[in-house]
Visitor: 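Sharing a structure here in structure tokens format.
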Amino acid sequence: MRLFLHQFRAEQLLYWRSRESAFFTFMLPLLFFVLLASVYGGDRIEGVKGSRYLLAGMLGYGVVATAFAGLAIGVVVDRENGVLKRVRGTPLPPWLYIVSLLASTLVVYAIEAVTLIVLGRLLFHIAVPHHLFSLVLALLLGALAFAGMGMGLTAAIRTAEGSSAAVNAVYLPMAFISGSFFSPHSFPRFLRVIADVLPLTYFIRLLRDITLRGHEIWTRPGSVAVVAAWGLAGVIAAVRGFRWEPREG
């Protein structure tokens with residue numbers, strides 16, 4: 001436990017000291033929420049106040065920005081710069097390094113989620129969700145699943161220089177198509193067909209069912225199963241393709 005806490009603290013310091021990473025993965029979802037809620041937060045979307053509808057979408061966008069994109073880019077950069085290789089040469093067990101990294105990512109997303117909810121309450125008078133236990137379970141499921149997908153994606157990225165472009169090409173279109181910023185019901189049919197296979201669609205749908213419609217997480221097994229299945233696929237890809245040493249070319 002002592003070794004874990006030491007490494008966890010190191011990961012937290014590295015994250016918050018990286019201003020670019022902290023801005024794009026932590027601050028950007030907060031800024032998007034405030035800006036978009038200020039523009040159309042008073043409108044009605046699917047029968048609910050726009051700011052309430054948007055909050056669930058921003059919680060979804062936050063998880064792909066933090067647990068998926070931020071984690072994937074950080075791991076690839078560390079791998080290609082030789083950091084992961086040096087970690088393997090220390091007394092720190094490799095599994096403990098991974099656990100510390102994932103725990104740090106979960107804490108960052110937890111802070112982000114709480115901040116989004118607080119901003120919604122203070123700025124836009126959004127009531128705190130009633131089913132907090134279900135919401136916490138859903139957020140934890142999403143963070144773990146997208147972290148698994150992020151780790152799996154690192155196996156397909158060869159260079160540190162291309163990591164941002166590759167990850168952004170995946171997560172930004174997914175965020176838009178899945179309905180993070182707008183209602184997907186207004187999208188053209190071909191976009192809705194694509195959205196129906198994306199894990200973020202089901203995660204945001206789960207969050208909206210809990211926060212807007214008063215459902216518990218265990219009453220939405222379909223969405224839970226899809227998110228969990230994608231996360232498991234990411235873990236399998238990570239186990240098979242994760243590398244500690246820089247890749248050639």
Side-chain angles (χ1 to χ4, degrees), residues 25 29 56-76 95 98-99 101-110 112-113 129 131 133-157 163 166-181 183-185 187 189-213 215-243:
T25 62
M58 287 298 98
L59 288 170
Y61 176 73
V63 82
V64 293
T66 304
F68 178 76
L71 182 62
I73 293 172
V75 168
V76 171
W95 68 267
I98 298 296
V99 170
L101 182 61
L102 292 176
S104 178
T105 300
L106 292 179
V107 167
V108 170
Y109 179 59
E112 184 176 64
H131 301 302
F133 182 65
S134 284
L135 178 60
V136 170
L137 289 180
L139 294 176
L140 179 60
L141 169 68
L144 290 173
F146 280 94
M149 286 180 261
M151 293 295 286
L153 183 61
T154 63
I157 303 175
S163 60
V167 173
N168 288 338
V170 174
Y171 102 92
L172 287 177
M174 179 168 60
F176 279 98
I177 296 173
S178 298
S180 295
F181 307 100
S183 171
H185 291 84
F187 290 173
R189 178 171 175 76
F190 80 95
L191 287 182
R192 284 186 275 124
V193 170
I194 296 173
D196 283 341
V197 300
L198 298 176
L200 185 58
T201 299
Y202 294 89
F203 180 58
I204 294 175
R205 185 179 298 169
L206 178 63
L207 293 180
R208 286 179 175 145
D209 283 340
I210 294 171
T211 60
L212 303 180
R213 303 176 183 98
H215 297 294
E216 300 281 9
I217 186 173
W218 46 84
T219 66
R220 290 296 178 264
S223 295
V224 171
V226 172
V227 175
W230 272 96
L232 180 60
V235 170
I236 293 172
V239 170
R240 291 182 174 180
F242 186 83
R243 296 175 61 97

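Just so we're clear, the structure is a prediction, and the values are computed from it rather than from any experiment.
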Visitor: Does the pair I98 and F242 meet the rule for a side chain to side chain contact (heavy atoms under 4.5 Å, CB included), with working shown?
Guide: CA-CA 11 Å; I98 298 296; F242 186 83; 4.1 Å; yes

Visitor: What do the steps show when you test T105 against F68 for side chain to side chain contact (heavy atoms under 4.5 Å, CB included), and what is the final call?
Guide: CA-CA 9 Å; T105 300; F68 178 76; over 6 Å; no

Visitor: Specify the closest pair of heavy atoms between G152 and A237, including all atoms of both residues, with the distance to one decimal.
Guide: CA-CB, 4.0 Å

Visitor: Is there any side-chain hydrogen bond (donor to acceptor under 3.5 Å, both in side chains) pair reaching into residues 216-228, and which pairs are they, with sequence neighbours excluded?
Guide: H131-E216, S134-E216, D209-R220, H215-R220

Visitor: I need the Y171 OH to T25 OG1 distance, nearest 0.5 Å.
Guide: 8.5 Å

Visitor: Less than 3.5 Å apart, which donor and acceptor atoms pair up between the side chains of residues 189-196 and the rest of the protein, not counting sequence neighbours?
Guide:
{"unit_1": "R192", "atom_1": "NE", "unit_2": "F187", "atom_2": "O", "d": "3.0"}

Visitor: Return the CG to CG distance between L200 and L206, rounded to the nearest 0.5 Å.
Guide: 11.5 Å

Visitor: Can you tell me how far apart CZ (F203) and OH (Y61) are? Round to the nearest 0.5 Å.
Guide: 14.5 Å

Visitor: Taking all non-hydrogen atoms of both residues, which atom of M58 and which atom of P29 are closest, and how far apart?
Guide: SD-O, 3.8 Å

Visitor: Considering non-hydrogen atoms only, spot the tightest contact between S178 and P184 and give its length.
Guide: O-CG, 4.5 Å

Visitor: Less than 4.5 Å apart, any side-chain heavy atom of P199 and any of M174?
Guide: yes

Visitor: How close do A143 and A67 get, heavy atom to heavy atom, and via which atoms?
Guide: O-CB, 3.6 Å

Visitor: Donor-acceptor pair, distance only, cut-off 3.5 Å: does the side chain of S104 make one with the backbone of L101?
Guide: no

Visitor: What is the minimum heavy-atom distance between A138 and I210, and which atoms define it?
Guide: CB-CD1, 3.8 Å

Visitor: About how many Å separate CD1 of I157 and CD1 of I73, when rounded to the nearest 0.5 Å?
Guide: 7.5 Å

Visitor: Per the side-chain contact (heavy atoms from CB on, under 4.5 Å) rule, which among N168, V76, L153 passes with S163?
Guide: V76

Visitor: Which one of L172, V63, I204 satisfies the side-chain contact (heavy atoms from CB on, under 4.5 Å) criterion with S180?
Guide: I204

Visitor: Check the pair Y109, F146 against side chain to side chain contact (heavy atoms under 4.5 Å, CB included), reporting the backbone distance first and the verdict last.
Guide: CA-CA 11 Å; Y109 179 59; F146 280 94; over 6 Å; no

Visitor: What do the steps show when you test L102 against L71 for side chain to side chain contact (heavy atoms under 4.5 Å, CB included), and what is the final call?
Guide: CA-CA 8 Å; L102 292 176; L71 182 62; 3.9 Å; yes

Visitor: Enumerate the salt bridge (Lys or Arg N to Asp or Glu O under 4.0 Å) contacts for residues 221-230, please, sequence neighbours excluded, ordered by first and then second residue.
Guide: none

Visitor: Distance from L141 atom CG to L137 atom CG, nearest 0.5 Å?
Guide: 8.5 Å

Visitor: Which pair of non-hydrogen atoms, one from T211 and one from P129, has the smallest distance, and what is that distance?
Guide: CG2-CG, 4.0 Å

Visitor: Any chance you could measure L144, atom CG, to M149, atom CE, to the nearest 0.5 Å?
Guide: 10.5 Å

